Amino acid sequence: MSNIHINSINIDTYRGIRKLKLEGFMRVNILTGDDNCGKTSVLELLNMLINQTDVQVWQSVIWRSSC
């Protein structure tokens, strides 16, 4: 795994998320929230961002969204 540090992420539209900005990421971060509020969607986007050329990552996200 590469050593990537993300400072912030802006999400305009992805699944149920509309206009979300997350800032101040540290080395370890915890996402918390109610059920069905978008935690998994944020993690999927971060995974796709970090592994942009990994076809398996993209396929797994497409597969999950079609279920």
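Quantities reported herein were computed from a predicted structural model and do not represent experimental measurements.
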Original post:
Side-chain contact, heavy-atom cut-off 4.5 Å: Glu23 with Asn7?
Top reply: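 The answer is no; the side chains never approach within 4.5 Å.
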- Do Val55 and Val57 belong to the same hydrophobic cluster, where Ile, Leu, Val, Met, Phe, Trp and Tyr are linked whenever their side-chain heavy atoms lie under 4.5 Å apart, directly or via other members?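 No.
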Under 4.5 Å between side-chain heavy atoms, hopping through other hydrophobics if needed: is there a path connecting Ile4 to Met26? no
Smallest heavy-atom separation, Gln56 atom then Asp54 atom, equals N-OD1, 3.0 Å
task: Provide the closest heavy-atom pair for Ile6 versus Phe25 in the form atom of the first, atom of the second, distance.
output: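 Closest pair (atom of Ile6, atom of Phe25, distance): O-CB, 3.1 Å.
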Under 3.5 Å, which donor-acceptor pairs link side chains of residues 38-47 to any protein atom two or more places apart or in another chain?
from  : atom 1 : to    : atom 2 : distance (Å)
Lys39 : NZ     : Gly33 : O      : 3.2
Lys39 : NZ     : Asp34 : O      : 2.9
Glu44 : OE1    : Tyr14 : OH     : 3.0
Glu44 : OE1    : Arg15 : NH1    : 3.4
Glu44 : OE1    : Arg15 : NH2    : 3.3
Glu44 : OE2    : Arg64 : NE     : 3.1
Asn47 : OD1    : Asn51 : ND2    : 2.6

Looking at Lys19 and Asp12, is any side-chain nitrogen of the basic one under 4.0 Å from a carboxylate oxygen of the acidic one? yes
| request: Give the intermediate values and the outcome of side chain to side chain contact (heavy atoms under 4.5 Å, CB included) for residues Met48 and Val61. | output: CA-CA 9 Å; Met48 288 188 293; Val61 170; 4.0 Å; yes
Value for CZ (Arg18) from CD1 (Ile11), rounded to nearest 0.5 Å, stands at 11.0 Å
task = Could you grab the distance from atom CG of Asn10 to atom CG of Leu22, nearest 0.5 Å is fine?
result =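 Reported value, rounded in 0.5 Å steps: 8.5 Å.
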Trp63 side chain to Trp58 backbone, donor-acceptor under 3.5 Å:
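Judged by distance alone, no pair lies under 3.5 Å.
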